[in-house]
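Following: one structure in structure tokens, then a few remarks.
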Amino acid sequence: MFEPVGSRVDFVKMEQDAIEWWNAHDIPSKYMRRNEDSDKRYSFIDGPITANNPMGVHHAWGRSYKDLFLRFRNMLGYRQRFQNGYDGQGLWIEVEVEKELGFGSKRDIEKFGVGEFVDMCKARVDHFSDIITEQSKRLGYWMDWEDSYHTKSDENNYTIWHFLKTCHEKGLIYEGTDVMPWCPRCSTGLSEHEIVTEGYVEIVHPGLFVKFPLLDREGEALLVWTTTPWTLSSNVAACVHPDLTYAKARNGDDTLWVVEARLSTLRGDYEVIEKVKGSELVGLRYRGPFDELPAQDGAQHVVIAWDEVSESEGTGIVHTAPGAGKEDFALGKEHGLAVIAPLDEEGVFAEGFDWLSGMSVFEVNEPIYESLKSKGMFYALEQYPHRYPVCWRCGTELVFRLVDEWFIRMDPIRDLLMEITEQIEWVPSFGRARELDWLRNMDDWMISKKRYYGLALPIFKCEGCGGFEIMGSEDELKGRAVEGWNEFEGHSPHRPWVDAVKIECRDCGAVAPRIQDVGNPWLDAGIVSFSTLKYRHDRDYWKEWFPADWISESFPGQFRNWFYSLLTMGAVLQEAPAFRLVFSYALMRDEHGEEMHKSAGNAIWFEDAAENMGVDAMRWTFARHTPENNINFGYATADEVRRRFIIPLWNVYSFFVTYANIDRFDPSVKAPAASERPDLDRWILSELHQLIADVTASLSRFEPESAARRAEEFVESLSNWYVRRSRRRFWKSGLIGGDGANGQASAPEDVADKLAAYATLYEVLLSLSKLLAPIIPFVTDVIYRNLAAPNGGARESVHLEDYPVADMSLVDERLNEVTRLAQRVSSMGRAARSKAGIKVRQPLERVLVKTRAASERDLLSAAAPQILDELNVGALEVVEDESALMRYAVMPNLRLLGPKYGAEVGAVRQALAQADAAATADAMRAGRAIEAGGYSLEPDEALVTTEEREGLSTAVDAGYAVAVSTTITPELLLEGQARELVHRIQNMRRDAGFDIADYITTYYAGGDLGDLVSAHGGYVKQETLSVDLVEGDAPSGAHTAEQRFDGLSATIGLVKSSG
RNA sequence: GGGCCAUUAGCUCAGACGGUUAGAGCGCAGUCCUGAUAAGACUGAGGUCCGUGGUUCGAGUCCACGAUGGCCCA
């Protein structure tokens, strides 16, 4: 016996129970150990999830993929690692802790105490990694949770030290001065990676037009345009494009130079006096906008040439301040310009800027306008909305600031990185081109950050000679330490503890402290293909698992972040790829395709989703989606998945268990061999094994969506064709495992057929539970455990099973085609019935079928029994062409024929009427001329309509035609009425609360049913489990009802039979 | 300026290898079923497959150019 299964099920409750059961029986750890001795390995390295907040549904998407492919490979027998990763160092953690503490600047952190602050950061990470672990378990994500790695761990940090030292040995590390994007609130520079990730927002800035008076040309001025007025304080040059044409224009009291294409920016009327190439302006000197500031002392202001000057915005003359802009800085180097750096770490004007000193960059615009006005340099001001970088963590507008930072040189390894990228398999395949594009354009990697909680860069810079060294391990540091080791010992290699340690400069012997900077967080994540595989301590273990066979992460951003840092570290340490294949996916949106935002109220919490839609529904929604497209996720989409896939699957299962229990079906009893079973069984087994082959292939190719969609098609066929058409086989009298109760003798062939049906459906459901277990681990295990329980060879859980293997000898392509044809013809036959308004319960005499290809007629005869049954008709006839079903009527198209033939129209008309209508229709369809009684007409000169033949209703589609006879003889009518009566009695049985298997005695009174009972009484008895059909009033206590249908009426009474 | 992606029904999306007359769900209209019922089945209406050229016996699918949208880089 199987555990009884209701058709109503609370999936969420079922999932929670499953988790409890798994834990109680230690299934996850049995699952993870199951392939311990396998000689096949499949190495997965987890991209660490940021442990800074609870996990969201978008994380659940990615984690469902990871779990899916891990489970798939596990059932295939591969030995794997199940190590989850947590990312927990860096600015993002700091910012959240700062928020908690109400801090606004780095000074607050210093005051609070760096050690305490770092401890709080670590505690935050531990807190949220615990939460995410619990959430992941609810998702059914089976990882070795006790063994999760942390990027903040000592091992991870020290492995990065090793990497950086290796970089240094290869001459890749340098300290450079550059103008970098800088967050004034966080007081730190941001690397290129961080800005491009999610850093640009639409901001309205001033578009300020300023006049720079030319020193060499009295009365003339350059008109320049800037969106960052504060940078004018540090202006030293103005750029023009050497090849563009510049115009000098009289404009009110001014004589201004602008690029010709931008003359329209001038206010009011103007008159062009002179035009020259930009190159002719190069070298002119001008008076700078803030020459009076001390910081500007001795600075020259000169026009220089630059090819990047655009004439699509501004004035074609670009204000240049090498201390406050990235390209400006590069130009400054090239032209030997003065570098004036205005801002300190917090975005406040430094000393030397007179009245500006001490003011924040965000409050100087107005005073600057006033100052320019007083000097006669102000020209105009407009609003200029554009995309501008902000701090990706705190949202503050970035400024560009001159800083000393540490970099890894990219040019020496760029080619190697690209070569490695070529070797990797990218899913989707366009990922390779995206990564290569990034690598081609990648600048040197800025790895330093002037913050507190992160990798302590192991760079020790000598206070004497200025040289630097890099410590490659804790042991090396200990060996070199000349002070502070005792203070540090026992602490993690974080600030402030590690800052105490100082070494002696190898070159000059002076003391060298660690630089204060911490590392870029992508160092932390990029090292994991070494650090988590014991690279430093157990090289054999590392060799066994490196490189990863696959990794998986969402691609927006990761091309320049995690994928990139993994590539770089693999290249530097091993000149090898760190992973063989990357499977990536896009972004999650809400149901309407809008970005999810907490503030917009359209974000979905993981817990809410899990407890309302259920995790299987969520996971199936993910699996069926094309990964490279953004997913629109919400309750409605999950509801649809549950309704269209999970519930039908469950209903088939529930149907099976219900009747298998009634029949005491025992799966261990030998059923007929598959080849001996009826067509219907052989067909669904054929489809099943084709499905197994397809799903296995799809998942091997990392195409979950095609696997899921194939499975949906299969369950649809299983539910709406196999089970529906098999139902009566399960209801046949006689119990296969029975003892002859109810006195129903059963014919041996019925028992064999029934057994075949049960065995088939059992095999299908059991295979399906294994096949889909990696995708929907909850419902599949519940099904498996119940079905497999009476079976000697069963495992404890489907998750300890082997993945099913397709038996291609059971795949019968012809049988599949026959069934497809039966389905198609049945569908069209229903359409024909529907058109004639005849319900399926009414038997009809015959169906006529025209197939598209003559070759299908052979299939049709095999499909005929199913079609007759589906359509409730007596006979099927094959017809050669539609003319047997349809009559064509050809009409002249007088609108065209009239003008063309004039008086001859009458003759044409007659000729057309006498021509063969079917041939005419053929010609028209083919676009050929119509031959009619000596006339040759264009195809559009006739109109053709079809009429159905008398007594037929026809449906036509895609080359097929199916017609049903519509004549209802008295015999057919009586048969239809018998079916209707059965239907009514069935309803009454249910209303009376009888059990499905109860036998009854049926009474009928009121007179109209005599003919029906004498003709079809046996049928009615059999269908309704009536032991007897008695004319007359039912005894008192019977369930009775007045029935009227098809012009008949009777009072029906039902009594449960004692037998 | 460069790279990548997309464009198929009102909406959301499928459409290996080029192959007869392009599919699903939702929505809409209608019918049926109620012994699989937080249901289900069926039928119908609805498409110049972004455009233009090209390759081919044959193009939604391949190529070129263009348009629109998105992402990224400069």
Side-chain angles (χ1 to χ4, degrees), chain A residues 5-12 192 195-197 200 307-308 310 312 326-327 428-443 555-557 559-560 586-587 589 591-593 624-626 628-632 634 636-637 639-659 662 694 697-698 701 703 705-706 708-710 712-713 716 719-721 723-724 727 730-731 826-835 837-841 852-853 870 925 955-960 983 985-987 989-991 994-998 1023-1025:
Chain A
V5 176
S7 52
R8 302 174 77 103
V9 57
D10 179 345
F11 287 108
V12 169
E192 231 178 310
I195 298 201
V196 294
T197 303
Y200 284 86
D307 285 342
E308 301 294 313
S310 151
S312 63
K326 199 166 170 60
E327 287 126 338
S429 57
F430 63 76
R432 179 182 290 117
R434 295 280 295 264
E435 188 66 45
L436 287 172
D437 184 50
W438 165 256
L439 290 172
R440 254 190 301 275
N441 295 301
M442 171 66 196
D443 285 343
F555 57 60
F559 289 111
R560 62 196 79 76
L587 297 173
R589 297 288 160 81
E591 248 154 2
H592 311 289
R624 75 188 300 283
H625 178 77
T626 308
E628 67 197 69
N629 294 340
N630 288 342
I631 186 170
N632 296 348
T637 51
D639 285 346
E640 191 184 315
V641 158
R642 189 183 320 100
R643 193 168 51 71
R644 290 195 45 236
F645 180 69
I646 298 180
I647 288 178
L649 174 64
W650 184 267
N651 284 342
V652 171
Y653 160 67
S654 148
F655 173 89
F656 169 82
V657 169
T658 302
Y659 289 100
I662 290 173
D694 291 349
S698 291
R701 288 195 304 264
E703 292 172 7
E705 77 280 19
S706 69
R709 285 167 190 274
R710 280 287 286 114
E712 288 180 3
E713 286 169 15
E716 155 81 18
S719 170
N720 291 329
W721 195 262
V723 171
R724 191 167 56 74
R727 243 184 307 201
F730 295 99
W731 292 340
S826 301
S827 165
M828 292 177 65
R830 272 183 230 111
R833 271 183 168 278
S834 174
K835 215 165 70 170
I838 304 173
K839 60 187 175 187
V840 177
R841 213 178 283 145
R852 182 157 62 188
E870 279 293 308
R925 261 203 303 266
V956 179
D957 180 49
Y960 296 90
H983 167 59
I985 295 174
Q986 300 289 29
N987 280 347
R989 283 180 57 106
R990 194 171 64 138
D991 293 343
F994 294 165
D995 192 77
I996 296 170
D998 284 340
E1023 289 296 311
T1024 59
L1025 293 188

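Scope of the values below: all heavy atoms of this structure, side chains included, with no hydrogens, waters or symmetry mates. Chain naming here is simple, since letters A, B, ... match the order of the sequence lines and numbering starts at 1 in each.
With both ends at atom C1', the span from B/G23 to B/C49 equals 12 Å, rounded to whole Å. Comparing the P positions of B/C65 and B/C4 gives a spacing of 12 Å, expressed to the nearest Å. Taking atom P in both B/G66 and B/G47, one finds a spacing of 32 Å when rounded to whole Å. Separating the P atom of B/C5 from that of B/U43 is a span of 39 Å, rounded to the nearest Å. Comparing the C1' positions of B/U68 and B/C28 gives an interatomic distance of 29 Å, to the nearest angstrom. Atom name C1', nucleotides B/U48 and B/U21: the rounded distance is 16 Å, in whole Å. Distance noted for atom C1' between B/U31 and B/G19: 37 Å (whole Å). The gap from the P atom of B/G25 to that of B/C42 amounts to 9 Å, rounded to the nearest Å.
Taking A/P428 as the reference, A/F430, A/F555, A/S584, A/E628 meet the side-chain contact (heavy atoms from CB on, under 4.5 Å) condition, with sequence neighbours excluded. Remark: A/N629 pairs with no residue by the side-chain hydrogen bond (donor to acceptor under 3.5 Å, both in side chains) rule, at least two apart or across chains. Every side-chain contact (heavy atoms from CB on, under 4.5 Å) that A/R841 has, sequence neighbours left out, goes to A/K839, A/R979, A/E980, A/H983. Taking the side-chain hydrogen bond (donor to acceptor under 3.5 Å, both in side chains) definition, one finds that A/R589 meets it with nothing, sequence neighbours left out. Contacts of A/E327 classified as side-chain contact (heavy atoms from CB on, under 4.5 Å), with partners at least two apart in sequence or in another chain: A/W306. For A/T637, there are no side-chain hydrogen bond (donor to acceptor under 3.5 Å, both in side chains) partners at least two apart in sequence or on another chain. In this structure A/R701 satisfies the salt bridge (charged side-chain N to carboxylate O under 4.0 Å, His left out) test together with A/E703, sequence neighbours excluded.
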Handout entry: B/S/- contact track for nucleotides 16-31 of chain B, protein heavy atom under 4.0 Å
Key = ----BB--SSS-----
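Considering only the side chain of A/I647, B/A38 comes nearest among B/A38, B/A36, B/U43. Distance from the side chain of A/N651 is smallest to B/A39 among B/A38, B/C42, B/A39. The side chain of A/S827 lies closest to B/C42, out of B/A38, B/C42, B/C33.
With a cut-off of 3.5 Å on both pairing distances, the Watson-Crick and G-U wobble pairs of RNA chain B assemble into stems of 3 or more at B:1-7 with B:67-73, B:10-13 with B:23-26, B:28-32 with B:40-44, B:50-54 with B:62-66.
The residue among A/R709 and A/R724 whose nearest nucleotide of RNA chain B lies closer to the 5′ end is A/R709. Both A/N987 and A/E327 sit near RNA chain B, but only A/N987 has its closest nucleotide nearer the 5' end.
In this structure, the side chain of A/H592 does not engage the main chain of A/N632 through any donor-acceptor pair within 3.5 Å. Put simply, the side chain of A/S654 never gets that close to the backbone of A/W650: no donor and acceptor are under 3.5 Å apart. Put simply, the side chain of A/R709 gets close to the backbone of A/R624: a donor and an acceptor are under 3.5 Å apart.
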Are any protein N/O atoms closer than 3.5 Å to N/O atoms in nucleotides 7-12 of chain B? If there are, list each pair with its distance.
residue: B/U12; atom: O3'; partner: A/N632; partner atom: ND2; Å: 3.3

Return the polar atom pairs (N/O with N/O) between nucleotides 1-5 of chain B and the protein under 3.5 Å, or none.
none

Distances under 3.5 Å between protein N/O atoms and the N/O atoms of nucleotides 63-66 of chain B, please, pair by pair.
none

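For the pair A/R434 and A/D437, the salt-bridge criterion is not met [side-chain N within less than 4.0 Å of a carboxylate O]. Residues A/E713 and A/R710 are paired through a salt bridge, judged by an N-O separation under 4.0 Å between the basic side chain and the carboxylate.
Between the P atom of B/C72 and the CG atom of A/N630 lies a distance of 11 Å, rounded to the nearest Å. Between the C1' atom of B/A74 and the CG atom of A/L439 lies a distance of 16 Å, rounded to the nearest Å. One can place CZ of A/R589 at 13 Å from C1' of B/G69, the figure rounded to the nearest angstrom. The nearest whole Å value for the distance from the CG atom in A/D639 to the C1' atom in B/G40 is 17 Å. As a whole-Å value, the separation of A/R833 CZ from B/C33 P is 12 Å. The distance between atom CZ of A/R841 and atom C1' of B/C42, rounded to the nearest whole Å, is 14 Å.
Across all strands, A/T626 comes closer than 4.0 Å only to sugar-phosphate atoms, never to a base (heavy-atom distances). Using a 4.0 Å heavy-atom cutoff across all strands shown, A/F645 reaches no nucleic acid atom at all.
Between A/R727 and the phosphate of B/A36, there is a side-chain N or O to OP1/OP2 separation shorter than 4.0 Å.
Residues A/W721 and A/R724 form a side-chain contact, since some pair of their non-hydrogen atoms from C-beta on lies under 4.5 Å apart.
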